[in-house]
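Notes for the one structure printed next.
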Amino acid sequence: MRILLSNDDGYFAPGLAALAEGLAPLGEITVVAPERDRSGASNSLTLDRPLQLSRAHNGFLYVNGTPTDCIHMAVTGLLDFEPDVVVSGINNGSNMGDDTLYSGTVAAATEGYLLGVPSIAISLVGREFKHYASAARVARDLVARLARAPFGAPVLLNVNVPDVPYDTIAGFEVTRLGRRHKAQPVVAGKNPRGETVYWVGPAGAAREAGPGTDFHALERGAVSITPLQVDLTHPGQIPLVDEWMARP
Ligand code: MN
């Protein structure tokens, strides 16, 4: 199996190394990852400057661009083969509910999916990030399953794994995305010149987190697997906007 890896935490991130190690028994691993932490980069492409490819001592390739750039470059020209699967992660921190819109981890997998390759984003949910090995084993379980039972169509799976020993994970649950409350306010501070600067504040707490959601699965200690799609159309509002446009 030919496995293409990326992430948004940068090519030096421990989660990426754990992922490469965990998937190595399943086939040939190629890593193309951003040269620095691009968490929150979403699906951005770099269009205003050239991208440069470098090779780290451990063989990982890295690019001075976004997670989306990495997968786009790899699949559309860099590699002389089409990967069988794209796996992005293991992210430091959850990507659940509305996080998926901002996430660079999910974006790298989305790019694989848009280019026709089954793709998996994998994130470790917690604060201490002790159990990358658990998420790596989950990734291996899923990629092995994909190899023996391929889907008929490209899939984009968003996977969140609790930061606990593998043997204590409370199973796997296929979920829908929950929703968060709106984000907390920006945090103002002063720079050394006395000018006001701002940090983007934390994401909101979980709001829609009932049974069947990713938040709920993680709350009970399970792995959450959410199949994602890219079409942002709100079909339910087509009649509403039609009616609104028909008004004088
Ligand atoms: Mn990240």
Side-chain angles (χ1 to χ4, degrees), residues 3-23 29 31-46 51 56 58 60-74 85-114 119-139 142 156-164 177-178 180 183-184 186-187 199-206 214-215 218 223-226 228:
I3 303 168
L4 174 61
L5 304 186
S6 194
N7 74 349
D8 75 354
D9 293 336
Y11 74 93
F12 46 78
L16 182 61
L19 185 63
E21 193 186 323
L23 293 177
I29 308 286
V31 176
V32 184
E35 71 169 357
R36 63 181 176 87
D37 186 347
R38 300 304 302 267
S39 295
S42 190
N43 303 88
S44 51
L45 282 170
T46 301
L51 295 169
N58 64 359
F60 290 4
L61 300 173
Y62 61 95
V63 175
N64 57 341
T66 65
T68 301
D69 289 329
C70 292
I71 297 299
H72 191 89
M73 269 178 72
V85 61
V86 167
V87 187
S88 175
I90 301 163
N91 189 57
N92 274 353
S94 65
N95 278 305
M96 298 191 286
D98 309 334
D99 305 338
T100 51
L101 277 179
Y102 303 100
S103 169
T105 305
V106 175
T110 302
E111 190 63 16
Y113 169 74
L114 288 173
S119 297
I120 300 172
I122 186 151
S123 303
L124 189 61
V125 182
R127 292 184 178 279
E128 296 184 353
F129 312 125
K130 283 185 182 165
H131 300 283
Y132 291 113
S134 300
R137 178 133 174 226
V138 166
L142 295 175
L156 173 55
L157 301 180
N158 184 44
V159 179
N160 283 272
V161 181
D163 188 16
V164 298
L177 298 180
R180 289 186 183 278
Q184 296 180 36
V186 290
V187 180
W199 282 98
V200 170
D214 46 4
F215 290 115
L218 268 291
V223 171
S224 165
I225 304 173
T226 310
L228 300 181

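Order of appearance sets the numbers: ligands from 1, and atoms from 1 within every ligand.
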Chi angles and distances behind the side chain to side chain contact (heavy atoms under 4.5 Å, CB included) call for Glu111, Asn43: CA-CA 8 Å; Glu111 190 63 16; Asn43 303 88; 5.6 Å; no

side-chain hydrogen bond (donor to acceptor under 3.5 Å, both in side chains) between Asp9 and Ser39, worked out: CA-CA 6 Å; Asp9 293 336; Ser39 295; 2.9 Å; yes

Angular separation of OD1 (Asn91) and OD1 (Asp9) seen from the Mn ion (ligand 1), to 10°: 90°

Name of whichever N/O/S atom of Asp8 is nearest to the Mn ion (ligand 1): OD1

4.5 Å side-chain heavy-atom contact, Pro14 and Tyr132: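 A side-chain contact exists here, since the closest heavy-atom pair is under 4.5 Å.
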
Ser39 near the Mn ion (ligand 1) via N/O/S, less than 2.8 Å: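 For Ser39, the answer is yes, given that an N, O or S atom comes within less than 2.8 Å of the Mn ion (ligand 1).
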
Val106 vs Ser88, side chain to side chain contact (heavy atoms under 4.5 Å, CB included): CA-CA, chis, key distance, verdict: CA-CA 7 Å; Val106 175; Ser88 175; over 6 Å; no

